[in-house]
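Notes for the one structure printed next.
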Amino acid sequence: MEASEKEKKSLNFIETIIEEDIKNHKNDARVHTRFPPEPNGYLHIGHAKSICLNFGMAEKYNGKCNLRFDDTNPTKEEMEYVDSIKADVQWLGFEWNGQELFASDYFDQLYDWAVMLIKKGKAYVDDQPQELISQQRGTPTRPGIESPFRSRSIDENLALFEAMKRGDFPNGAKVLRAKVDMASPNMHMRDPVMYRILNAPHHRTGDTWKIYPMYDYAHGQSDYLEGITHSLCTLEFEVHRPLYDWFLDELIDTEYRPRQIEFARLNLSYTVMSKRKLLELVKNGVVNGWDDPRMPTIAGLRRRGYTAASIRTFADRIGVAKRDNTIDVGLLEFSVREDLNNIAPRVMAVLDPVKLIISNYPEGQTEQIELINNPEQPEAGSRNIPFSRELYIERDDFMIDPPKKFFRLAPDKEVRLKGAYVVRCESYELDDAGEVKTIYCSYDAETRSGTGTKNPKVKGTLHWVEANTAVDAEVRLYDRLFNDEDPAGHKEKDAMEFLNPDSLQIKTYCKLERMLADVQPEDKFQFQRIGYFCVDKDSKAGQLVFNRTVSLRDTWAKMNQ
RNA sequence: UGUCCGAUGGUGUAAUGGUAGCACUGCAGAUUUUGGUUCUGCCUGUCAAGGUUCGAAUCCUUGUCGGACAACCA
């Protein structure tokens, strides 16, 4: 049955290719992918798509997936990022094949191959400065012209390249170029640079190397050395593919060949995704670091309260194709709500408290109210919370002069207090500022939940917290960082002009039911009727801090828009 | 005035020459001691024009629109 279900499910274009390759016994019908981040920044939700794809294909086809750091540029890369990337991949729930790998593991082999290319007359040392080489490359619509050093003798090239390796020249003095075709309509084939001189220590190879390979020269061969079969990358590398194949053609002679396949990167509405823009947000202090809960980074989403499972489901839902796409950020929110709805314990929390006094409830009396922990999970059981004469309810749940469809509390109106009694608003008191200070109600002792004696139909049920036992907390309400659907998509305006000034709202005087006094960072809850919240890493006993992951669907708020 | 890639409801994604489906969103209703969840129903789509074919989202031609490419970045 499972097999027939699998057959029915349609394939994305990558799965189609893979299944075709398996059928043809290409590369011994192996499937081996890799996730190849450059360790120069934090992973974001776009990387998550790639991670889920690469690891997902390996899982689905009983293959393997490597984690390989593309560390060919020592001036940009740091060990710190290696660690954060590993942590993020693991948190997402994936296990890479063996040890993590590095392109720098292959520097020796890459060098030998470069020498081989020189000997074949397919590579040469160019002495020209960067600007000149750049000029000679032409433009997409005009062919380039050949470097005067292009026809150097093999021996000279060999000697020069070795001298480059030795460190005889300053940065930028020379480069090694592949001899391909300066007239190619593909810019990347116009004698691309293979090696540049970089007198910089590498985070793994230290001072061993003075020259470092370029991405194009390193990536395909790294894939080859690792036995990668399907090298999945984003669309912008499409034009690099002929070069990817060119190096492999010149260098190797086996039947096994890795194949580069490109897919469209993820774009999310109301979000920026480029490393540069993300860095700008951090550097300018718009957010508080890479793991700010408003950031689309894995670390940010995690701190925000997203579950790994919800991100994986999201990645499944958005699919994979080659056309440019912008996913509605609402789909991400839907995915996390769906997961949290199933797993998050329900608790009572009042974010904007106003005192409610039940005038006819005996002073000093307390009773225990039993509340279901999670209606979606009967086995999660129930708990008791105290109820007494003085409670807090949400300010929004009371209106002096309510509109017709307002199902909550108002003068002379009745509501049920969740799990407890039906109360009727008798009067209210304002403070000097004209804000509601206290609401006075009466209760009907026979309406207690579960007793069944009396169950009047009331339209609304409110959450509440017992005043004396409530614990205080700070709650951080997050909203989208940008007000514009495509903040980075404007030619004339910078994304930063569309920043949402209300992306963070801090509630300082929240009242929570007492069981929340003892929670740990990343613990997740549904604050009944409000949304999903998780404990922030800033939280301490006695100084609780919660982040709003996402609000509940709110048809009432929608009606009032 | 180059090369390559792409175009299916509002947003994504299927249909691989044979009934345009699914998800999200939106709308309407049912259930509900969360205005949550769940359930039901509905709206909305093949970029255009030709051609091939009994039959085209799918194949061909032309056009239109969008994207990528000119780091010693990845």
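Just so we're clear, the structure is a prediction, and the values are computed from it rather than from any experiment. Numbered from 1 within each chain, the chains take letters A, B, ... in sequence-line order.
- Base engagement by A:Q130 is indicated by at least one non-hydrogen atom pair under 4.0 Å involving a base atom.
- One cannot find a donor-acceptor pair under 3.5 Å joining the base of B:U38 and the side-chain atoms of A:E376.
- Here A:F407 lies in heavy-atom contact (under 4.0 Å) with a base.
- Closest to the side chain of A:V175, out of B:C72, B:A74, B:G36, is B:C72.
- Base engagement by A:P129 is indicated by at least one non-hydrogen atom pair under 4.0 Å involving a base atom.
- On the C1' atoms, B:U40 is 45 Å away from B:C60, given to the nearest whole Å.
- Residue side chain A:H188 does not reach the base of B:A68 through any donor-acceptor N/O pair under 3.5 Å, judged by distance alone.
- Residue contacts shown for A:G531 are absent, as no nucleic acid heavy atom lies under 4.0 Å away.
- In this structure, CG of A:D191 is placed 21 Å from P of B:C69, rounded to the nearest angstrom.
- For A:G138 and A:P37, each mapped to the nucleotide of RNA chain B holding its nearest heavy atom, the one lying further toward the 5' end belongs to A:G138.
- For the pair A:N73 and B:C73, the criterion of a side-chain N or O lying under 4.0 Å from OP1 or OP2 is met.
- In this structure, CD of A:Q136 is placed 17 Å from P of B:A70, rounded to the nearest angstrom.
- Looking at A:L340 and A:Q526, their side chains never come closer than 4.5 Å, going by heavy atoms from C-beta outward.
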Original post:
Stepwise, does the salt bridge (Lys or Arg N to Asp or Glu O under 4.0 Å) test hold for A:E367 with A:R448?
Top reply: CA-CA 11 Å; A:E367 57 189 307; A:R448 181 169 164 159; 2.4 Å; yes
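- In the set B:C69, B:A74, B:G36, the nucleotide with an atom closest to the side chain of A:F237 is B:A74.
- Ion pairing between A:R383 and A:E513 holds under the 4.0 Å rule for side-chain N and carboxylate O.
- Between A:R152 and A:D127, at least one side-chain N (NZ, or NE/NH1/NH2) sits under 4.0 Å from a carboxylate O, which counts as a salt bridge.
- Between the side chains of A:S310 and A:T307, at least one donor N or O sits under 3.5 Å from an acceptor N or O.
- With respect to A:L332, the side-chain contact (heavy atoms from CB on, under 4.5 Å) criterion is satisfied by exactly one of A:I327, A:T271, A:L301: A:L301.
- As judged by a 4.0 angstrom heavy-atom cut-off over every strand, A:Q128 is placed among the base-contacting residues.
- Comparing atom distances between the A:S449 side chain and each of B:U33, B:A74, B:A71 picks out B:U33 as nearest.
- Of the C1' atoms belonging to B:C72 and B:G66, the separation is 32 Å, rounded to the nearest Å.
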Base-pair string, RNA chain B, Watson-Crick plus G-U, cut-off 3.5 Å on both distances, | for inter-strand, is .((((((..((((....[..)))).(((((.......)))))....(((((..]....))))))))))).....
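- Glycosidic conformation at B:A23 (O4'-C1'-N9-C4 for purines, O4'-C1'-N1-C2 for pyrimidines): anti, more than 90° from 0.
- B:U16 and B:U46 have their C1' atoms separated by 15 Å, given to the nearest Å.
- Nucleotides B:G26 and B:G18 are separated by 33 Å at their C1' atoms, to the nearest Å.
- Between A:S134 and B:A71 there is a side-chain polar atom (N or O) within less than 4.0 angstrom of OP1 or OP2.
- Between A:E338 and A:R317 there is a salt bridge, since at least one side-chain N of the basic residue sits less than 4.0 Å from a carboxylate O of the acidic one.
- Not a single donor-acceptor pair, N or O on each side, falls under 3.5 Å between the base of B:U34 and the side chain of A:R529.
- A:T555 comes within contact range of the sugar-phosphate backbone alone, with a heavy-atom separation under 4.0 Å but no base atom that close.
- Contact annotation for A:E262: no contact, since no heavy-atom pair falls under 4.0 Å across all strands.
- A donor-acceptor pair shorter than 3.5 Å cannot be found between the side chains of A:Q260 and A:S231.
- Within 4.0 Å (heavy atoms only), A:S184 reaches no atom of the nucleic acid at all.
- When the C1' atom is used for both B:G36 and B:G10, the distance is 25 Å, rounded to whole Å.
- Within the 4.0 angstrom heavy-atom criterion, only backbone atoms of the sugar-phosphate kind lie near A:K558; the bases stay farther away.
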- prompt: Run the side chain to side chain donor-acceptor pair (under 3.5 Å) check on A:T75 and A:N73 step by step: do they pass?
  reply: CA-CA 6 Å; A:T75 62; A:N73 188 347; 2.6 Å; yes
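- Between A:E226 and A:R68 a salt bridge is recorded (basic side-chain N to carboxylate O distance below 4.0 Å).
- Using a 4.0 Å heavy-atom distance criterion, A:F406 is classed as a base contact.
- The side chain of A:T72 lies closest to B:A74 when the candidates are B:A74, B:U37, B:G35.
- For B:U3, the OP1/OP2 oxygens have no side-chain nitrogen or oxygen of A:R190 closer than 4.0 Å.
- Here A:Y212 lies out of heavy-atom contact (under 4.0 Å) with every strand.
- As judged by a 4.0 angstrom heavy-atom cut-off over every strand, A:P143 is placed among residues making no nucleic acid contact.
- Residues A:K459 and A:E414 are not paired through a salt bridge, judged by the lack of any N-O separation under 4.0 Å between the basic side chain and the carboxylate.
- Side-chain nitrogen and oxygen atoms of A:R137 include at least one within less than 4.0 Å of the OP1 or OP2 phosphate oxygen of B:C72.
- With respect to the salt-bridge test (charged N to carboxylate O, under 4.0 angstrom), the residues A:E38 and A:K76 do not qualify.
- For the C1' atoms, the distance from B:A57 to B:A14 is 11 Å, rounded to whole Å.
- Here A:R553 lies in heavy-atom contact (under 4.0 Å) with sugar-phosphate atoms only.
- Rounded to whole angstrom, the span from the CD atom of A:Q528 across to the C1' atom of B:G36 amounts to 8 Å.
- Residue A:R408 places a side-chain atom within donor-acceptor reach of the base of B:G35, judged by atom type and a 3.5 Å distance cut-off alone.
- Mapping A:D216 and A:G330 onto RNA chain B via the closest heavy atom, the residue that lands nearer the 5' end is A:G330.
- Of the candidates A:R529, A:K413, A:K418, A:R416, A:D397 forms a salt bridge (Lys or Arg N to Asp or Glu O under 4.0 Å) with just one, namely A:R529.
- Between A:R150 and A:D191 there is a salt bridge, with a side-chain nitrogen of the basic residue lying less than 4.0 Å from a carboxylate oxygen of the acidic one.
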In B/S/- notation (B base, S sugar-phosphate only, - none; protein heavy atoms under 4.0 Å), nucleotides 10-19 of chain B written 5' to 3' is -SSBSSB---
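- Here A:Y215 does not count as stacked on B:A74, because the ring centres are not under 5.5 angstrom apart with planes under 30°.
- Comparing B:A56 with B:G2, their P atoms are spaced 33 Å from each other, to the whole Å.
- RNA chain B lies under 4.0 Å from at least one heavy atom of each of the following residues of residues 166-174 of chain A: A:G172.
- Seen from the ring of A:F102, A:R204 counts as a face-on cation partner, given the 6.0 Å and 45° thresholds.
- Taking 4.0 Å as the cut-off between side-chain N and carboxylate O, A:R276 and A:E280 count as a salt-bridged pair.
- Side chain of A:M214, nearest nucleotide from B:G35, B:A68, B:A71: B:A71.
- Counting non-hydrogen atoms under 4.0 angstrom, A:R142 reaches nothing in the nucleic acid.
- When the C1' atom is used for both B:U58 and B:U25, the distance is 28 Å, rounded to whole Å.
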